[in-house]
Structure formats: C-alpha cells, structure tokens
2 protein chains.
Amino acid sequence: MPWIDITYRFPAGVDGSHEAHVIAVGQTAGTWGPEWENRSGQIKSHLAQVQDVVRQPDGTSLGVVRFPLSNCPEGIGSLLTMVYGKYSLSGPARIVKMVLPGGWGIPSRFGIEGIRRLTGVEDRPLFMGIFKPSLGLSPSDHSRILEEAGMAGLDIIKDDEILPDLPECSALERLRACRPVLEKILKFRKSRGLREMLYAINLSGRADTLLELARRLVAEGANALLLNVLPYGFPVLEALASDPLVQVPLFVHPAFSGAISGSRDWGLDHSVTLGTLASAAGADAVLIPTHYGSLPFSQEEEGKVRDILWQKGVFPVPSAGVHPGVLPRVMGDYGKQAILNAGTGIMDHPGGVAQGVQAFYEALARHMNQQSFFLEDLPEGPLRKAVRKWGA
Amino acid sequence: MPWIDITYRFPAGVDGSHEAHVIAVGQTAGTWGPEWENRSGQIKSHLAQVQDVVRQPDGTSLGVVRFPLSNCPEGIGSLLTMVYGKYSLSGPARIVKMVLPGGWGIPSRFGIEGIRRLTGVEDRPLFMGIFKPSLGLSPSDHSRILEEAGMAGLDIIKDDEILPDLPECSALERLRACRPVLEKILKFRKSRGLREMLYAINLSGRADTLLELARRLVAEGANALLLNVLPYGFPVLEALASDPLVQVPLFVHPAFSGAISGSRDWGLDHSVTLGTLASAAGADAVLIPTHYGSLPFSQEEEGKVRDILWQKGVFPVPSAGVHPGVLPRVMGDYGKQAILNAGTGIMDHPGGVAQGVQAFYEALARHMNQQSFFLEDLPEGPLRKAVRKWGA
C-alpha cells in the first residue's frame, strides 16, 4: 500500500481530531487559493488523510494520519520532516507508531542471520563486550583487552559510544592494533567450530568524513561498525547501509535517545526511533536498554523495540546493566535471539576480563540446565564471583 | 580555553549535584579498576569537572559541567554523544546552555555579511518568501512564482521544507526552470543597485546522496541551499559547510525542533540547537519562529536564539506568521539585521504575489517614517489589503 500511517498521541485537553486535520493538511500540501485551480488535482494527491482519532480512557487521544508515500520517496530525513517537522513546534504531540509500507527503506544486509553466519554462533545468544575505560586507553590497550576477551570466547566487542576518533587513539590505529589479534582469535574460534569475532568500531566526524572513515576502516579489515544514529542522523545510517564499500554489520547505539523520547508528550517513542526507523535505515543490530538494568526503561518499551527489530530480522542487543546474573531474565525476554551486551559486567569482573566472559558461558549452561542462580548454590568460579559482585 | 561548558537544568526533586557528578564521570572516562593504575593519568585527563550547581527558586537546579575539549575534537555528533548521549536515557535533565571555545566548529562562510554582499541589500532587512503550495507544483510553476516575486523585489525565496526531491518536481529541475529567471531578476536588481536574488533549494536524501545533490545543484548554478538540520543531523550541515564545492549560503530550517526542545524537562533548549549548534556547524542563516506568529514560541527563546546567531555573524530569519502588518514588531526585535520570511504572508496576498512583496516594502517605508499601521490610516494599496486580511 502506498501509504505511511503515523499514530500520534495528543495529550488530554487537546482536540486530537482538530490536530490530526492540522497535520494532514499543514504537513503536506497546505492550503492554496483559486489561482491554483488548474493544479488542484496534483496538489490534492499530496494531502494526507485522517484515518481515525480515538479518545483514550486517560483523556489522551490517538490519531492515525495516512500520508501518501509519494510525498516522501527518499528516506527518513524527509519522512521526519513531513510527519513531525514544523508541526513539532506547535504544541505537544507524540508519535507512538509508524507503519511503513513493506519494502520502504533500506534492508539490513546482515541482521540476525548475517551476524550468526559471520560469527558462526548458531544455537545460543551471542555475547558482546565494550572496551572500558571508555577514554584514555591506547590502541595497544585495546588489543590486549581484545585478546583476553576473544580467547575467552567473547563473540563481539565494541568501542564505547563516546570514544571518537581521538588523535592519540584513532579509529584506524585501534583497528590496526586489533586486526592481527582478530586473526589469532579467528583461529581459536575455528578450532571450536565458530567463525569471526566482530569488533564494532565507533564512527564519528562530519557526515562526509564519517562515511570516508567507514570505507577506510572496512578497506583495512574492520568487520563491524558502530553508529550513534540519533546525534548523527538516520540519513548517515542510510548512507552507510547503502554503501557497497561498507559491507559489514552496522551496530546502532541509542545515545541521545532520551532527547527525543524521554518526555511523555513530545517526540517519538523509542519503539519508533530504535525499532521502526533504525531497521528501515539498514541497522543490523540495535542496542536496547533492559528494563532491569542501570537505565529506567520500561519492560513494555523494551518489548516493543525487540518485536519490531525481530520482525525485520534485526538483532536486538539488550544493554546497560547486563551482567552474568541477569542472563536468565534476558533469555526469558529474548530466548536465544539476542546479543547480550555487557560493559562493566565483563570488564570489571573481579577475576579479570577472561573470567568476565567465562561467567556468561557458565550462566548460560546453568540456565539451560535449569539450575539455580542463588549464590549459595553456585560452585566456585567466574559466575559465583560475578553474582557475588552484581547479584542475580 | 580548552573546555566545553554545558549547563544542565535538573527538575525539582532531582539531586542536581549528584547528577552533575554522574554526568562528569559517566559521560567521559567512566570508572576504572586498579589494573589501569599505569594509565590513570591519561584516563583522568578525560574526566569532566562539575563547576557549579545552583538550586533555583522554583526548585530546579542548574549545574555546569566542564568537559575537556580533547574528548571531542571532531564535531557536533560526538559532542552530543558526550554531553547528553547515554545519560539522556537516565532521567529528565535539559541542556539549557553550551559554551564552546572560540574557534570550535565550522565558521559560516557567508553569514550576515556574505548574504548582504551577495544580494546587495545594505541598509534594510531582507525579504524572503516560500514557494506555496508546498507540494504539487511543477518546476515551471516555481519559475512563474519566482519571476513574479523577484521582479517585485523579493530578495530570497526558498522551497517549503517538506518538498523533497520528487521525481515530478526534482530539486535539479526546479533549479533548471528557475535559473534563467534568476538571471532576468539579477538584471532588474542591478538596475536598482542590488545584486543577486537567492533561491534556497531544499536538500533531501541519504547523507551521501544529499551531499552529492548539493554539489550538483551548486555546479548547475544554485546560489543557496536549505537544510532541515534536525532530521538530517548536524554532521550533515558540517559536511555541507566544509565542502569547497558548496560555496553558497546555507539556510537552516527548525523542522523537528519540537521533538528535541518541546518538553520543559528533557532535550536541549532551542537556543542551543538553533543558536549555538547551528552556528557552530556553519549555518549562514537560521529560521526562528516569531513569538507573535503562528507557532507558540516565547519571546525570551526567540531573543536568545537571535542573540547567539548575531554574535556569530549568522543571519536570524524570523518566520511563521510573518506578514506585512508585523513588520514593526519584527523590526522592534531585530532592527534591520534580519531576513523577514513570509510564506502565505506573501503568496496568499489578496492582490497576488507581487503585491505580497510590495506590501512589505510599503510597510518598511511606513515604519521608517513612523507612520501608523491602523487600517483606517492606510492608503489603498498592497499594504492596506494585507493588513485587512492579516491585521497589524
């Protein structure tokens, strides 16, 4: 269907029906005078239509406005301008759902299937870590951490999202220091029937230099990339995901998401930005705060993002406050179709990075065997140390 | 000074002092264990410092956190990730001010001075219009409107911000239809001691195709461009403003600004996004909703954006609800250092587009002569028709 359906939530006290009509006209063709009578067929074809406005028990109203797809043939930049652009300045209204036509947007080139294929991990959740401390390490510090984590079985590692292309620890130098280690880890993984370990290098810079950096990194052997899609813009992700020279999985970080989704009455739901839009822009994996983690994120919202990503074959990456003791909860929500992402939950393990990784495997085995995670039931070893530190 | 000072406002009931420390550590180096003792000097050099947290009479608190410039050498994408990224997910806090070091960012290549030089308008505010209806016109419709408006003295015209690169009315075809008309208008303007009329063509697409489109348009004679900086991202503006092949004024539209600035407790003030960041990303002119216009925008916020733009030599473009009758108010706020931007306020003038433009000149003359704008005092003519329709 050549339509884009947007659901807006208007706060109590706002005439949702009126506002939906304001949006349908004001965010498309606008008004026109009799001098355009000869063009009116063409102009009218661009108008949006109010489908439905329903008052909710809490006084808010939900209005669905249907926009012609032809108003927005290109991508998310013009989509956001159309559905929320100038109207966003006119008063509180929140986009809680977007239904894009099948085939609209840029398909993930890897997604769940591709990341499983690259890493060779078939039948379990993947484990991902984050280089810590976030800033202040040298490229060789990165390579040392990588080696320890990778030889302990970590599947994926990423830069911290705030690590930019620092002169003393540039993205290219991090890659160069880590590339030989990734080879070594590959040999180890092959001996266990696995394939590559991925290192998602954080991208930064102006749009042009960022895209150039991505190509350069991939040309020199980067096997994954990380983008803070909200500060950089969905059009930057769309460019990466369309670039024939950037054929690696794209991991998307939700940094800055609260600026757009934090308020109840303004902006867009996380499920729209991190779910619908990130997957329509070609993300292969998207980090989602867990509802029991270090950030206040609701279970409902986490579930919505997850479901939208799954539908599009994109890997959800539960993050923030993930440590070995929460593995049963993560698997309760995601089963094996997730990438568990732990920063301090691996790097700050009392026994060191390798034990931080091992604790996750131990947790997985216990969970699969339906064994208890009570501290007193745990044998000495990495998992027990983790649960003693962070709980379960 | 090699620091970036960010002022956060924390809502009443939030321990601002605690939160400021969370930001200073969590958004920089994070924590690290004894195994990094040998790196601690380097790591500590990345920590931010809490400068000041002051409780306000309304219970909110204002906290200033000082970040090392060296954490963020590249631009606004990494700046936003650092100062608000993951923290934005942790609870309400709003950035109300950013102080960037002198020289940080990308200077405007035109700004007030350059746009005055290009257009030859020295001693008065500039007048700008918007092609209307927003969607549904053909390239030749654009050229007809342009001719009427330009020969009546309009200095600048822009596409509506929601007009993307439609197949039936592409940016390039709009330019090609309008370019000969701009030449004709140039001759007319020269005869009056002026120079070029500018046509700011709206950019859209993925980051890569947008940048390519901008180069193509400029190569074919475009003399200004328009960007919806918030949906596309500041890094896209930074790329345009750094591109040696895009040597034309960049007009920035605030579409989507409410998503980030609408709520009181989340996001960033308009003065930060439309003022500090737009000018640090190389904008030459920025559209600002007027406080008496069609959008609810406070006088204080409008004034803050204006002052920041002026400081950086960037042209403020008061917009939304601008018509001839409000000229005295606009000039009360901006004097002559503004570009008055009217969409329907020109295009829907009862006497047509040319009279829509003439009404602004008539308004300017009356205002300079301190004459009344009461309907009964106005002579027959374009201004009287405008004031009868829209008031004063």
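Convention: sequence-line order gives letters A, B, ...; per-chain numbering from 1.
Looking at B:Lys132, only its backbone comes within 4.5 Å of chain A, counting heavy atoms on both sides. Only the side chain of B:Pro289 comes within less than 4.5 Å of a heavy atom of chain A; its backbone N, CA, C and O stay farther away. A:Asn71 touches chain B through backbone and side chain together, each having a heavy atom under 4.5 Å away. Proximity to chain A involves both the backbone and the side chain of B:Ile260, based on heavy atoms less than 4.5 angstrom apart. Only the side chain of A:Ile106 has a heavy atom closer than 4.5 Å to any heavy atom of chain B. With a 4.5 angstrom heavy-atom cutoff, B:Ser70 touches chain A only via backbone atoms. For A:Leu268, the part lying under 4.5 angstrom from a heavy atom of chain B is the side chain only. With a threshold of 4.5 angstrom between heavy atoms, B:Phe297 approaches chain A through side-chain atoms but not through N, CA, C or O. Heavy atoms of B:Ile145 lying under 4.5 Å from chain A belong exclusively to its side chain.
Neither side chain, A:His270 nor A:Glu301, offers a donor N or O lying under 3.5 Å from an acceptor on the other.
Nearest heavy atoms, A:Tyr232 versus B:Ser78: OH-N, 3.0 Å. Shortest non-hydrogen contact noted between A:Val229 and A:Phe234 is CG2-CD2, 3.6 Å. Among all heavy-atom pairs drawn from A:Trp266 and B:Gly258, the shortest one is CE3-O, 3.6 Å. Taking every heavy atom of both residues into account, B:Thr290 and B:Pro318 meet most closely at CG2-CB, 3.6 Å. When all heavy atoms of B:Leu226 and B:Asp159 are compared, the pair lying nearest together is CD2-O, 3.5 Å. Nearest heavy atoms, A:Ile76 versus A:Leu277: CD1-O, 3.4 Å.
Within residues 29-40 of chain A, the residues having any heavy atom less than 4.5 Å from a heavy atom of chain B are, in residue-number order, A:Ala29, A:Thr31, A:Trp32, A:Glu35, A:Trp36, A:Arg39.
Comparing A:Glu161, A:Met82, A:His253 by how many heavy-atom pairs each has under 4.5 Å with chain B, the most go to A:Glu161. Chain B forms the most heavy-atom pairs under 4.5 Å with one residue out of A:Pro92, A:Ser204, A:Gly352, and that residue is A:Ser204. Chain A forms the most heavy-atom pairs under 4.5 Å with one residue out of B:Pro296, B:Ala281, B:Gly262, and that residue is B:Gly262. Contact tally against chain A (heavy-atom pairs below 4.5 Å) for B:Gly267, B:Gly205, B:Gly75, B:Pro73: the top residue is B:Gly205. Counting heavy-atom pairs under 4.5 Å between each of B:Asp265, B:Leu210, B:Leu137 and chain A puts B:Leu137 at the top. For the set A:His46, A:Arg94, A:Arg264, the count of heavy-atom pairs under 4.5 angstrom toward chain B peaks at A:His46. Interface summary for chain A: among B:Ala320, B:Ala255, B:Pro133, the most heavy-atom pairs under 4.5 angstrom belong to B:Pro133. Put simply, of A:Leu80, A:Leu203, A:Leu89, the one with the most heavy-atom pairs under 4.5 Å next to chain B is A:Leu89. Looking only at heavy-atom pairs under 4.5 Å with chain B, the residue among A:Leu79, A:Asp243, A:Asp141 that has the most is A:Asp141. Most heavy-atom pairs under 4.5 Å with chain A: of the set B:Ser242, B:Ser294, B:Gly91, this distinction falls to B:Ser242. Of the residues considered (B:Leu295, B:Thr81, B:Ile95), B:Thr81 shows the highest number of contacts with chain A, using heavy-atom pairs under 4.5 Å. Among A:Pro254, A:Gly233, A:Pro235, the residue making the largest number of heavy-atom pairs under 4.5 Å with chain B is A:Pro235.
Taking CG of A:Leu47 as the reference point, atom OG1 of A:Thr28 lies at 4.5 Å (rounded to 0.5 Å). With rounding to the nearest 0.5 angstrom, the OG atom of B:Ser90 is 7.0 Å from the CD1 atom of B:Ile23. To the nearest 0.5 Å, the span separating OG on B:Ser257 from OH on A:Tyr84 amounts to 10.0 Å.
In this structure, A:Phe131 and A:His142 have tilted ring planes: the angle between them lies in the 30° to 60° band. Relative orientation of the B:Phe67 and B:Tyr8 rings is tilted, given thresholds of 30° and 60° on the angle between their planes.
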With a cut-off of 3.5 Å and sequence neighbours excluded, list every side-chain donor-acceptor pair involving residues 342-351 of chain B.
{"residue": "B:His349", "atom": "ND1", "partner": "B:Gly351", "partner atom": "N", "Å": "2.8"}
{"residue": "B:His349", "atom": "NE2", "partner": "B:Pro382", "partner atom": "O", "Å": "2.7"}

Validation: residues 162-171 of chain B side-chain donor-acceptor distances under 3.5 Å, sequence neighbours left out:
{"residue": "B:Asp165", "atom": "OD1", "partner": "B:Ala171", "partner atom": "N", "Å": "2.6"}
{"residue": "B:Ser170", "atom": "OG", "partner": "B:Glu173", "partner atom": "N", "Å": "3.0"}

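Among residues two or more places apart in sequence or in another chain, the side chain to side chain donor-acceptor pair (under 3.5 Å) test is passed with A:Gln27 by none.
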Exercise. Going through the distances and angles, do A:Lys158 and A:Asn202 end up as a side-chain contact (heavy atoms from CB on, under 4.5 Å)?
Worked result: CA-CA 7 Å; A:Lys158 73 168 191 72; A:Asn202 191 33; over 6 Å; no
